[in-house]
There are 2 protein chains.
Amino acid sequence: MNTRMADHVREALEQMIITGEFADGERLDEIRLAERFNVSRTPLREAFQVLAASGLVELLPRRGAFVRHPAFHEMIEMFEVMAEMEAFCGRLAARRVTPEVLAEIRATVIACEAAVEAGDTDGYYRENERFHHLIYTASGNEFLAGEAQRLHRRLQPFRRMQLRVRGRMAQSLTEHRQILDALEAGDSVTAEAVLRDHVAVQGSKFNDLIASYKQSNLRAKPQPVAMRG
Amino acid sequence: MNTRMADHVREALEQMIITGEFADGERLDEIRLAERFNVSRTPLREAFQVLAASGLVELLPRRGAFVRHPAFHEMIEMFEVMAEMEAFCGRLAARRVTPEVLAEIRATVIACEAAVEAGDTDGYYRENERFHHLIYTASGNEFLAGEAQRLHRRLQPFRRMQLRVRGRMAQSLTEHRQILDALEAGDSVTAEAVLRDHVAVQGSKFNDLIASYKQSNLRAKPQPVAMRG
DNA sequence: GTCAAACTTTTTGTATACAAGATTTTGATT
DNA sequence: AATCAAAATCTTGTATACAAAAAGTTTGAC
């Protein structure tokens, strides 16, 4: 357990930002937040530094901390990178995955099947997270796994939007099974290709994403180019 | 110009860590460093948070900030990811590069040729940095470019070690030219493949890296597994 | 009514103070 | 001499104080 207030505050703010509690460009008021979390400004400002490092807020010197939601094109860019990272994980995993991790992956696919049959979206979401996390681990490259997990986390809210689309869960499951098969067969080419398509935003997924992005409160407000970094 | 002491201190510490001024596992003494930089502990600690976020130091609650050099296998993992990111940049760049950026890339290759002929290692190093940075930009994916640059920066000292190896500069240059040709031809397959091999640590490069790693003062001290994250 | 200069209020960045948790030292005991 | 516990010392984490910069407000000239 971590006893540092700064860490606690960082986690809380991170969650608040990711769940869209602040509008894009909104200033994080040190004094109000300090009161709200019952801490002084010192740990709060330490939290700001970390949030800025992960890109969730932008620190303008002598102006303050401003929350920064990705513009639509930035989100597309992030998904493009995510797809490639997962594809790479899959390629490595097909060669390196251990029997233990493979067994765990198999278990999540079975759990996903159950969730789809039960129409349990939350359950599916949870198992889906576990599936992807395991793919990262299976790559046998801890650094890669860490980076993939970091980006995955960043995209969490947008992925959640996506899963709500009708029929998306069933299609996702089919792909999970294909990936599992490829890993079991040691087929790195298929594992890579299916994972890339699984994550990439293309075809009808693109239009679905536009729709959910517009509805969400994680939109970036359109701004003159000059104001953006 | 940034007037914040915290930022200045962060940059200075970053450079000191990257250039091997601290041993792996060494504790960063807040009081001594505060005196050295002529600041109080507050901005110093803000700098620590950012350094921790980028993995340069590890923050152990109520114990302090400890510098963290990558173990050899971690460095190999980072290069594996770097190779893949650059390969991806190359693939995208072959399709998306603008005439302006392509012209700049051409210019760096010419400058690299001059540096090799003059035996100017520093000059080559500088142009090499510019070349890779331009490849990232050419991908047309700003997020990808940012992440690639971040990792590139992290690997900076190890790459520098590598370039000192005899004959390495000339081989690097040949590959730069091949990459440029592929981009001009819009040949994404070749651009991707050559860039991957260009960055990847394999074959004789692996042995060279072992040698320079051992000599450098960026080694991680071997530790019982339990003590590592 | 508009604009800008001067003043006021807020807010940031940094220093300092202090409590609580680690670490080291000391000294007693075996 | 080795071991352990209590005391002393050092460090971290947080609160608070304060100077300087930014934002907001008033006043006055045109």
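A, B, ... follow the sequence lines: proteins, then strands. Residue 1 opens every chain.
Note on B:E80 versus A:R96: salt bridge recorded, some NZ/NE/NH1/NH2 to OD/OE distance being below 4.0 Å. With respect to the salt-bridge test (charged N to carboxylate O, under 4.0 angstrom), the residues B:R32 and B:E35 do not qualify.
Atom CD1 in A:I31 sits about 9 Å away from atom P in C:dT10, given to the nearest Å. For B:E30 and C:dA15, the CD to P distance is 13 Å, given to the nearest whole Å. As rounded to whole Å, 11 Å separates atom P of D:dT14 from atom CG of A:L44.
When each of A:R62 and A:E46 is assigned the nucleotide of DNA chain D bearing its nearest heavy atom, the one mapping closer to the 5' terminus is A:E46. Where A:N38 and B:A65 each meet DNA chain D at their nearest nucleotide, the meeting point lying more 5' is that of B:A65.
The base of C:dG13 has none of its N or O atoms less than 3.5 Å from a complementary donor or acceptor on the side chain of A:R63.
Within 4.0 Å (heavy atoms only), B:R32 reaches no atom of the nucleic acid at all.
Looking at B:E129, B:E14, B:E11, B:E147 one by one, the single match for salt bridge (Lys or Arg N to Asp or Glu O under 4.0 Å) with B:R153 turns out to be B:E14.
Contact check, A:R45 against D:dT14: no side-chain N or O comes under 4.0 Å of OP1 or OP2. OP1 or OP2 of C:dA15 lies within a sub-4.0 Å distance of a side-chain N or O belonging to B:S40. In this model, the phosphate group of C:dA17 is not approached by any side-chain N or O of B:R41 to a distance below 4.0 Å at OP1 or OP2.
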For this session: Would you check, one step at a time, whether the test side chain to side chain donor-acceptor pair (under 3.5 Å) holds for A:H132 with A:E86?
Result: CA-CA 8 Å; A:H132 284 276; A:E86 298 224 11; 2.7 Å; yes
